[in-house]
Colleague: 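This is the structure I want to talk about, given as structure tokens.
Order of the sequence lines fixes the chain letters, A, B, ..., with proteins taken first and strands second; residue numbering starts at 1 for each chain. What you see is a predicted model, and the numbers here were worked out from it, not measured in a lab.
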2 protein chains.
Amino acid sequence: MKATIYDIAKEAGVSIATVSHVINGKGKISKERREEIRGIMARMGYKPSMIASALTSKKTYALGLLVPDISNPFFAEIARAVEDEGQRHGYSVFICSTDNQDEKVERYAALLQQKKVDGVIIGTGMKDPSALEPLLHDNVPIALLARELPSVNVPTVIVDDYAGGAAAAEHLIALGHRRLAVLAEQESISSSRERVRGFRQAAEAAGVTLDPALVRSSGMKDSKDRALELLQGENRPTAVFCCNDMLAIGALRAAKQAGLCIPQDCSIVGFDDTVLASVTDLTTIAQPIERLGQTAVQLLLRHIGQPGERSERIVLPPVLVMRQSSSALS
Amino acid sequence: MKATIYDIAKEAGVSIATVSHVINGKGKISKERREEIRGIMARMGYKPSMIASALTSKKTYALGLLVPDISNPFFAEIARAVEDEGQRHGYSVFICSTDNQDEKVERYAALLQQKKVDGVIIGTGMKDPSALEPLLHDNVPIALLARELPSVNVPTVIVDDYAGGAAAAEHLIALGHRRLAVLAEQESISSSRERVRGFRQAAEAAGVTLDPALVRSSGMKDSKDRALELLQGENRPTAVFCCNDMLAIGALRAAKQAGLCIPQDCSIVGFDDTVLASVTDLTTIAQPIERLGQTAVQLLLRHIGQPGERSERIVLPPVLVMRQSSSALS
DNA sequence: CTGAAAGCGCTTACAG
DNA sequence: CTGAAAGCGCTTACAG
């Protein structure tokens with residue numbers, strides 16, 4: 001059957017402690033012995049069981065990644081960055097899609113605790129932070145990615161959503177737009193609220209007040225319908241700021257259905273800069289997705305290393321990416 | 001500190017064996033005792049360590065998922081389906097992006113073996129199947145998803161790539177197109193070869209022969225350039241079949257750059273039907289992505305359950321999805 | 001219906 | 001430089 005540390009020890013005529021030492025590069029082992037044991041391990045195709053070592057060493061080298069939906073391109077790109085950065089440090093990652101449902105968050109939280117992951121990156125929203133209770137209860141290290149949770153003091157990496165919203169407003173106003181609409185995510189998502197707030201403030205700073213009738217919230221599914229309402233009303237906007245690329249694509253399709261040409265009849269700006277934006281030639285506020293993922297892993301691992309430390313909070317700047325969906329007011 | 005099975009046993013005044021039995025619903029425990037122990041576990045927030053139980057029971061309830069790139073929408077959607085179906089059966093999944101590099105395949109294969117996952121779904125290509133050696137060596141159950149590996153006898157789920165290619169050809173020919181081009185993936189990818197083969201055969205069956213100069217292979221990055229070569233040559237095609245949606249989007253952008261209108265000047269058909277296709281209004285051959293993921297998990301779990309059994313091979317039918325990127329020859 | 005004991009495959013003081 | 005032994009937190013025959 002599969003070789004164990006005992007098989008190697010017997011084959012080498014040493015104790016399992018010695019084999020363990022050469023595996024982990026600990027203790028002082030004579031060079032010849034080390035080489036010999038290494039050779040035997042290689043020859044027998046032996047790799048130590050991480051389950052057994054985790055039981056004693058309390059390290060599983062596994063992380064959990066909670067996101068709303070791994071099939072959403074934004075989170076898929078985040079996941080890739082997290083995977084790569086984790087891998088670089090020897091960690092594997094479990095994917096956990098929550099659909100933003102507290103019940104799923106809690107189920108995964110309990111599961112990850114039972115699996116004894118070394119840490120969890122939380123990139124999902126939730127109504128009630130107590131869904132994380134199973135993690136908190138056992139002091140499982142966590143880090144927040146693109147989310148804020150004011151109630152808990154944990155390492156966090158976000159982009160400056162407020163500045164991103166403001167950048168969108170400034171871009172559209174510079175293009176001459178004055179009648180601005182906003183397609184936001186659900187009210188409960190703080191990043192979306194911040195984007196809208198930044199957009200509104202920057203608009204007002206330029207002397208433009210948002211018409212409350214032109215500010216709507218929308219889920220992923222009904223974005224096209226919500227956008228249609230905006231675009232078909234009388235006195236329709238000349239520009240729409242959407243709080244993520246998916247919503248912006250809903251707006252693009254609504255515009256098409258309403259017979260409007262983009263950008264001539266209406267400018268549209270998204271947020272995130274996922275592959276969806278590049279593929280649809282959407283002007284958007286880019287999040288540094290790769291750095292978000294990398295930074296979250298780094299913060300988490302640092303936190304695992306020194307649990308006492310005060311939690312860091314890193315804010316990354318968003319960047320306007322101009323493409324074909326926005327243009328000067330005609 | 002964190003409660004263990006000993007704490008629960010002591011609190012309840014019973015042996016750990018009894019606690020273990022109520023956890024696993026095994027043995028005969030008096031109803032009152034069971035209820036009492038359940039209560040104590042709940043009160044102390046106790047959940048058994050899956051690491052410890054894995055060491056004895058040999059079940060980690062973890063699966064590995066090997067894909068080329070989790071940030072590619074096709075595989076992100078696959079991952080979601082695998083995650084959900086796994087979750088339904090109590091399994092968590094590790095994401096493993098290989099970039100189609102044998103070296104990464106092998107590294108992940110070794111890692112997953114060390115982590116003692118209960119099985120691995122392989123949805124990535126590789127030049128040399130021996131990259132899977134670490135898995136094969138320890139008899140880790142595997143299942144193939146949207147890939148074939150003739151050398152090993154393992155459960156497999158694929159879509160009928162040949163039929164999909166043929167469907168694309170029939171669609172274009174029915175629209176009156178005769179001068180057909182193909183943008184394929186690298187030659188080494190069997191699914192791509194099959195799609196091209198099906199396309200070619202169906203075309204020939206309709207009396208249309210492919211011009212070798214109009215059949216090109218391309219990576220993800222240079223798809224636009226490859227498509228431009230096709231579209232800018234003299235005697236350009238009136239329709240292009242692309243072996244996946246990403247390539248088709250490259251073609252879409254190439255067409256735009258070349259000043260061609262889609263679909264009036266050139267029809268384009270993709271493959272996969274990821275979110276990218278719906279978002280760009282691309283006519284495409286749809287793979288049943290969700291069913292692919294579900295089926296792979298089911299085959300794998302069945303294989304885990306009865307290792308002796310002969311491996312199943314399930315072929316799912318693709319479906320033509322007509323959108324705005326193809327139309328009758330004008 | 002319940003418990004004592006061995007064992008899963010490692011790591012880690014500790015002793016020599 | 002190397003080994004004996006305890007322990008990590010469970011499960012599983014086996015005995016009663």
Colleague: Check side chain to side chain donor-acceptor pair (under 3.5 Å) between E312(A) and all other residues, then give those that pass, not counting sequence neighbours.
Modeller: R302(A)
Colleague: Give me the stems containing DNA chain C, sorted by first residue, counting only three or more consecutive Watson-Crick or G-U pairs with both distances under 3.5 Å; say none if there aren't any.
Modeller: C:1-3 with D:14-16, C:5-12 with D:5-12, C:14-16 with D:1-3
Colleague: Quick one: which residue pairs count as a salt bridge (charged side-chain N to carboxylate O under 4.0 Å, His left out) with a foot in residues 43-53 of chain A, not counting sequence neighbours?
Modeller: E11(A)-R43(A)
Colleague: Can you list every pair that meets salt bridge (charged side-chain N to carboxylate O under 4.0 Å, His left out) and has a residue in residues 111-133 of chain B, with sequence neighbours left out?
Modeller: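 For residues 111-133 of chain B, and leaving out neighbouring residues, the salt bridge (charged side-chain N to carboxylate O under 4.0 Å, His left out) pairs sorted by first residue read K59(B)-D118(B).
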Colleague: List the residues meeting side chain to side chain donor-acceptor pair (under 3.5 Å) with R33(A), not counting sequence neighbours, and say none if there are none.
Modeller: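 None.
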Colleague: Angle between ring planes, Y91(B) versus Y61(B), binned at 30° and 60°: parallel, tilted or perpendicular?
Modeller: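 Tilted: the ring planes of Y91(B) and Y61(B) meet at 30° to 60°.
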Colleague: Does anything in residues 135-150 of chain B form a salt bridge (charged side-chain N to carboxylate O under 4.0 Å, His left out)? List the pairs, not counting sequence neighbours.
Modeller: E148(B)-R313(B)
Colleague: Salt bridge (charged side-chain N to carboxylate O under 4.0 Å, His left out): which pairs involve residues 15-24 of chain B, sequence neighbours left out?
Modeller: none
Colleague: Send over the distance from E36(B) CD to dC1(C) P, rounded to a whole Å.
Modeller: 16 Å
Colleague: Find the distance I8(A):CD1 to dG3(D):P and express it as a whole number of Å.
Modeller: 15 Å
Colleague: Which donor-acceptor pairs under 3.5 Å do the side chains of residues 64-74 of chain A make with protein atoms, sequence neighbours left out?
Modeller:
{"unit_1": "D69(A)", "atom_1": "OD1", "unit_2": "S71(A)", "atom_2": "N", "d": "2.9"}
{"unit_1": "D69(A)", "atom_1": "OD1", "unit_2": "S71(A)", "atom_2": "OG", "d": "3.0"}
{"unit_1": "D69(A)", "atom_1": "OD1", "unit_2": "R80(B)", "atom_2": "NE", "d": "3.0"}
{"unit_1": "D69(A)", "atom_1": "OD2", "unit_2": "S71(A)", "atom_2": "OG", "d": "3.0"}
{"unit_1": "N72(A)", "atom_1": "OD1", "unit_2": "F74(A)", "atom_2": "N", "d": "2.8"}

Colleague: Tell me whether the side-chain N/O atoms of R33(A) come closer than 4.0 Å to OP1 or OP2 in dC1(D).
Modeller: no
Colleague: Which nucleotides of nucleotides 7-16 of chain C have their base under 4.0 Å from a protein heavy atom (B), which only their sugar-phosphate (S), and which neither (-), written as one string 5' to 3'?
Modeller: BBBBBB----
